[in-house]
Trainee: 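This structure is in structure tokens; I'll ask about it shortly.
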There are 2 protein chains.
Amino acid sequence: MDPGPKIAQVAALVGDPARANMLSALMDGRTLTATELAYVAGVAPQTASGHLAKLGDAGLLALEKQGRRRYFRLASPLVARMLEGLMVVAQEGPARQRNLWRGGETLRHARTCYDHMAGRIAVAIADRMVQQSFVLLDEDGGQLTDAGRSFFDELGVDLRLASKRRVFCRPCLDWSERRPHLAGAVGAAILHHALEHDWVEHVRDSRALVVTPVGVRELATTFGIEGTPPKDGREEQVPSPSRGRVSDRIRFSQWGAHRQ
Amino acid sequence: MDPGPKIAQVAALVGDPARANMLSALMDGRTLTATELAYVAGVAPQTASGHLAKLGDAGLLALEKQGRRRYFRLASPLVARMLEGLMVVAQEGPARQRNLWRGGETLRHARTCYDHMAGRIAVAIADRMVQQSFVLLDEDGGQLTDAGRSFFDELGVDLRLASKRRVFCRPCLDWSERRPHLAGAVGAAILHHALEHDWVEHVRDSRALVVTPVGVRELATTFGIEGTPPKDGREEQVPSPSRGRVSDRIRFSQWGAHRQ
DNA sequence: CAAACACTTCGGCCAAGACGGTAGTGGTTC
DNA sequence: GAACCACTACCGTCTTGGCCGAAGTGTTTG
């Protein structure tokens, strides 16, 4: 009757590292097979099967059978939104290891976040748009100005997705940069445009995006963003046996500070 | 290095029913003592103490010592946002037991959601505002129109919280009604105004709000909302032996009188 | 048909952690 | 001072649930 128990059920589901890894991997909107998910989770296929069944039963994942394989994806944008929320808090968390994040330099630079762009580039774009008064952003919402609408029109970005009286811009707190980037229909349109015009490309088996030479030029001329691609171009996909038991004991003294 | 493990840590924390109940209880922005939280969680104080330490270490709760008691509250609005996300998905979940929710008729009708109103009334207000073109809402954002700004000015609702160029309206999916209500600065201003003018009152020890006769009249004239208060006016606070065990021993007379 | 493949079910092992009893610490009241 | 209260630390018990090996189902390939 209280919502408590219900949110506990969902949270407990996400609370297992293996399942959390699976969900993270699906955060970019792709659909992956059970075997692929077993790999990213770092568990045996039969273990993954159990996890996926639970996630499916709980309504977090949608399933599509195709021949002898089963494709999974997040059941809805609401699930992605929930995971975003968790990421933000998880990153916020105790100051202990905020930027311990060495690996994944490519990810930090540019990646997809469900249906829009995230990372340094995305934050830079958002900053620029705000600075030019093309969008208004705060922690509670976003809004495209008339100037912004013209800007996108000239650029050829397709905003038809949103009807004329619709609001369709929202901020999404970037978990690596800790600043907002553009999400919602506007964010999705930007990503779509960027992929369409070869500004960025998907990295295989990853949420990461690489900025192409064309992209570097366009970002500079269009948004005034200095292209500073990650130094390490290769950036191996760590096979990640991960699943390191969460044993690291956290010790904390001043966690009272109200960090708004 | 992947965010997976980190979100798993946070989610696992929320994934325990006792802790989830504590967090739920704090969702209205109040600050509660360890003993009160032990009660809502349905566990012994020493167990609660452990849970609270974990939540604090993880940065989900903020602590304020006062004499011999310790007051806890959510560490930031981001935590509330995360819990909102979980609630939405938890409610969405498997269709099997969607509206099994009999108890809590009062809660369904009107309640607080961190810093704004939720429930049937809040959804009705949001609907009305949209219908009158005072706000624009979709799943990704909200926006106050000029007409809406005038409306609130006339009504005497204080929107100063938000600077003039700021966006400050956002939708929040109501987990009982499954439709959006107003959150963000606008939502907070409405709740503040409603409490200030005795349209609604807090129910002791609960997130529930009761609409006063004044409120019924004002909601009708101002928003055109037919007051349909929950049939069962008394609606006992179920003492909820809930999570069994201890509970019965602890009897509370009147904690929580903390009337924000 | 047999073999390879994708995936699921079953069963037993094992560790994490939730629980409250007991025993403390520090703050408040009389 | 003593009594009392809110809260915390430690400890042993016990349940939950993640894990993989082995075996089974259904699908595609040769």
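In what follows, chains are A, B, ... by sequence order, proteins preceding strands, each numbered from 1.
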Trainee: Touch check for A/K54, heavy atoms < 4.0 angstrom, all strands: base, sugar-phosphate only, or nothing?
Mentor: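 Answer is sugar-phosphate: A/K54 comes under 4.0 Å of backbone atoms only.
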
Trainee: Please identify each residue that fulfils side chain to side chain donor-acceptor pair (under 3.5 Å) with A/E177, with sequence neighbours left out.
Mentor: none

Trainee: Are any of B/R69's side-chain N or O atoms less than 4.0 Å away from OP1 or OP2 of C/dG26?
Mentor: no

Trainee: Can you list everything that forms a side-chain contact (heavy atoms from CB on, under 4.5 Å) with B/H192? Sequence neighbours excluded, please.
Mentor: B/E196

Trainee: To the nearest angstrom, how far is B/R70 atom CZ from C/dT28 atom C1'?
Mentor: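 B/R70 atom CZ is separated from C/dT28 atom C1' by 17 Å.
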
Trainee: Does the pair B/E84/B/R170 count as a salt bridge with the N-to-O cut at 4.0 Å?
Mentor: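 Salt bridge flag = yes for B/R170 with B/E84.
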
Trainee: Pick the nucleotide of DNA chain C nearest each of B/R19 and A/A34; which residue has the one closer to the 5' end?
Mentor: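 It is A/A34, whose closest nucleotide lies nearer the 5' terminus.
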
Trainee: Check salt bridge (Lys or Arg N to Asp or Glu O under 4.0 Å) between A/R19 and all other residues, then give those that pass, not counting sequence neighbours.
Mentor: none

Trainee: To the nearest Å, give me how far apart CG (B/L55) and P (C/dA18) are.
Mentor: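 Distance check: B/L55 CG to C/dA18 P gives 10 Å.
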
Trainee: Could you give the CG-to-P distance, from A/L37 to C/dA6, as a whole number of Å?
Mentor: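 It is 14 Å, rounded to the nearest whole Å.
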
Trainee: Using whole Å, what does the distance between atom P of nucleotide D/dT16 and atom CG of A/D16 come to?
Mentor: 17 Å

Trainee: Across nucleotides 20-30 of chain D, 5' to 3', mark each nucleotide with B, S or - according to how protein heavy atoms within less than 4.0 Å reach it.
Mentor: BBB----BB--

Trainee: Rounded to whole Å, how long is the line connecting atom OH of B/Y39 with atom C1' of D/dA6?
Mentor: 18 Å

Trainee: May I have the distance from A/E64 (atom CD) to C/dA6 (atom P), rounded to whole angstrom?
Mentor: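 Taking atom P of C/dA6 as the reference, CD of A/E64 is at 18 Å.
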
Trainee: Taking OP1 and OP2 of D/dC19, is either one under 4.0 Å from a side-chain nitrogen or oxygen of A/H51?
Mentor: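 For D/dC19, OP1 or OP2 has a side-chain N or O of A/H51 closer than 4.0 Å.
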
Trainee: Partners of A/R81 by side chain to side chain donor-acceptor pair (under 3.5 Å), sequence neighbours excluded?
Mentor: B/D140

Trainee: The criterion is side chain to side chain donor-acceptor pair (under 3.5 Å); which residues satisfy it with A/T31, sequence neighbours excluded?
Mentor: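 A/T31: no side chain to side chain donor-acceptor pair (under 3.5 Å) contacts found.
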
Trainee: May I ask you to decide whether B/D174 forms a salt bridge with B/R111, counting only side-chain N to carboxylate O separations under 4.0 Å?
Mentor: yes

Trainee: Expressed in angstrom and rounded to an integer, what is the separation of A/M22 atom CE from D/dG18 atom C1'?
Mentor: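 These atoms are roughly 12 Å apart.
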
Trainee: Atom CG of B/L52 and atom C1' of C/dG17: how far apart are they, to the nearest Å?
Mentor: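 That distance rounds to 16 Å.
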
